Amino acid sequence: MVGLKRLVVEPLWCKGCGICAAFCPRGVLEIEKGKVRVAALERCVFCGQCELRCPDYAIYLVNDEE
Amino acid sequence: MPSDLIHEYMRIDHLPQIWCAGCGNGVIMRDVAVAIDQLLKDEEYDFDRDDFVIVSGIGCSSRAAGYLDFNSIHTTHGRAIAFATGIKFANPKLKVIVLTGDGDCSAIGGNHLIHAARRNLGLTVICFNNHIYGMTGGQYSPTTPNGDVAATAPYGNVDRPFDIALLATGAGASFSARGDVFHARETTEIIRKAILHDGFSLVDVYSICPTSYGRQNHKGSAVDMLQWQKENLIPTAQFHAMSEQARAGKKEIGILAFNDYPEYTDEYAKVIEACRKQTGGKGRN
């Protein structure tokens with residue numbers, strides 16, 4: 001089953017550096033008005049590159065309980 | 001709400017951190033948290049959270065001691081290793097982790113660095129190396145590359161830079177490594193091994209400073225600077241598979257020196273024991 005992982009954004013912590021959007025291998029994220037925006041969630045494969053690279057801990061994956 | 005990892009290991013009432021947009025320090029601080037998390041959850045070791053102590057000096061890097069939710073101390077400029085030495089001596093069982101910067105550990109605290117390395121005192125020093133004094137306005141540091149521009153070198157830096165990992169190796173460090181922001185997983189693994197190492201360990205982690213260093217030197221955005229790291233900082237196995245020609249201008253990421261020297265507080269305990277034996281436990285006189 002898909003959907004056990006969720007992509008979460010904390011906009012208050014985002015400084016809009018653009019690292020997550022640039023290194024997302026699937027083009028899921030974009031920066032809009034200085035903040036990250038999940039533009040194409042359907043393309044997300046929940047690889048966690050954004051969480052690994054965000055210096056501000058403003059984007060991450062949550063593993064929901066099965 | 002932050003992720004479970006951040007919630008568990010950081011003082012979230014102090015977040016978001018004050019580092020500039022795109023600063024690599026947040027990633028290095030996360031690497032440290034992940035490495036400690038792995039050690040705490042590893043059944044092979046019996047670590048308790050209070051076994052870890054975070055010590056920092058002064059500078060952008062050293063804010064990290066305020067954010068990481070462990071027994072922590074934010075000390076004076078250049079003296080993080082000196083304070084850490086005292087902590088390690090008072091309780092050698094502790095895993096004392098020093099978070100410092102290129103200026104803090106190789107300029108102001110340069111002597112503490114080389115002598116802790118020489119003694120093989122069991123500290124883990126993680127240098128957030130952004131190649132500049134970021135907090136005070138972009139003055140050149142001992143790791144600013146030759147020819148680069150800084151607030152105090154508007155026509156280019158005349159100095160030749162230190163390679164901190166090699167400096168520590170030369171000073172006798174039993175574990176010396178280089179990491180970076182881009183290779184976060186590899187760097188986390190290096191930090192984990194450095195913490196486990198019984199002796200002095202140094203990890204020189206190349207940060208990115210788009211605001212102070214990058215802007216003055218036309219290095220582009222944080223993304224451009226990470227891209228540079230991806231292309232020019234090469235993990236050990238890959239680096240050694242490359243031809244001499246292909247290595248030009250590139251640097252190795254990984255453990256550069258590893259030796260099994262006796263650890264300093266272990267050796268010191270032997271002196272204490274010898275003294276006790278000779279004096280019947282009373283010390284001198």
Side-chain angles (χ1 to χ4, degrees), chain A, chain B residues 1-34 60-61 63-64 67-68 128 130 180-189 205 207-211 214 220-230:
Chain A
M1 286 290 288
V2 232
L4 291 176
K5 283 185 176 175
R6 269 186 304 127
L7 184 63
V8 181
V9 173
E10 176 49 83
L12 284 174
W13 288 14
C14 176
K15 294 173 187 157
C17 67
I19 290 172
C20 58
F23 288 95
C24 172
R26 305 276 293 173
V28 172
L29 308 167
E30 60 180 42
I31 303 295
E32 194 181 78
K33 293 179 186 164
K35 298 279 180 189
V36 60
R37 191 176 78 87
V38 181
L41 186 61
E42 68 282 1
R43 287 209 291 264
C44 181
V45 291
F46 305 98
C47 67
Q49 282 285 316
C50 51
E51 179 175 358
L52 187 72
R53 304 205 177 285
C54 175
D56 294 289
Y57 324 126
I59 187 165
Y60 57 96
L61 297 175
V62 173
N63 248 325
D64 283 327
E65 291 297 319
E66 287 178 46
Chain B
M1 277 295 288
S3 69
D4 289 349
L5 177 93
I6 302 304
H7 198 271
E8 180 67 24
Y9 296 112
M10 298 204 192
R11 299 183 174 109
I12 55 166
D13 52 332
H14 291 255
L15 295 176
Q17 26 83 346
I18 62 154
W19 293 316
C20 309
C23 170
N25 289 0
V27 176
I28 306 172
M29 183 164 77
R30 185 179 182 279
D31 292 348
V32 174
V34 173
C60 295
S61 64
R63 299 281 308 179
Y67 299 128
L68 285 164
F128 292 41
N130 62 0
D180 69 330
V181 173
F182 179 80
H183 298 90
R185 288 206 176 92
E186 291 86 344
T187 301
T188 301
E189 180 57 12
V205 187
S207 190
I208 54 168
C209 172
T211 303
S221 65
V223 172
D224 295 327
M225 293 180 82
L226 276 187
Q227 194 63 35
W228 184 90
Q229 291 197 338
K230 181 183 178 181

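The shown structure was predicted, so the numbers you read here are calculated from the model rather than taken from an experiment. Letters A, B, ... mirror the listed sequences (proteins, then strands); counts begin at 1.
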To the nearest 0.5 Å, what is the distance between SG on C20(B) and NZ on K15(A)? 7.5 Å

Hey, what do you get for NZ (K230(B)) to CZ (F23(A)), rounding to the nearest 0.5 Å?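 Separation between the atoms: 6.5 Å.
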
Interchain contact, [X] with chain A, by part (heavy-atom threshold 4.5 Å):
X: S221(B); result: neither
X: M29(B); result: both
X: L226(B); result: both
X: I18(B); result: backbone

Would the distance check show the side chain of Y60(A) and the main-chain N or O of D4(B) forming a donor-acceptor pair, the cut-off being under 3.5 Å? no

So W19(B) and D56(A), do their side chains get closer than 4.5 Å, heavy atoms only? no

Does R185(B) have more than 12 heavy atoms from other residues, nucleotides or ligands lying within 6.0 Å of its CZ? no

L15(B), I28(B), V34(B), V181(B): which one forms the most heavy-atom pairs within less than 4.5 Å of chain A? L15(B)

Chain A: which of P210(B), C23(B), G24(B), P2(B) shares the most heavy-atom pairs with it under 4.5 Å? P2(B)

Walk me through whether W13(A) and I6(B) qualify under side chain to side chain contact (heavy atoms under 4.5 Å, CB included). CA-CA 12 Å; W13(A) 288 14; I6(B) 302 304; 4.2 Å; yes

Shortest non-hydrogen contact between C17(A) and G22(B), atoms and distance: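 So the two residues come closest at CB-N, 3.3 Å.
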
How close do V27(B) and R53(A) get, heavy atom to heavy atom, and via which atoms? CG2-O, 3.4 Å

Side chain / backbone / both / neither for L12(A) at chain B, heavy atoms under 4.5 Å: backbone

Per-residue contact mode, C54(A) against chain B (heavy atom under 4.5 angstrom):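 For C54(A), backbone heavy atoms alone lie under 4.5 Å from chain B.
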
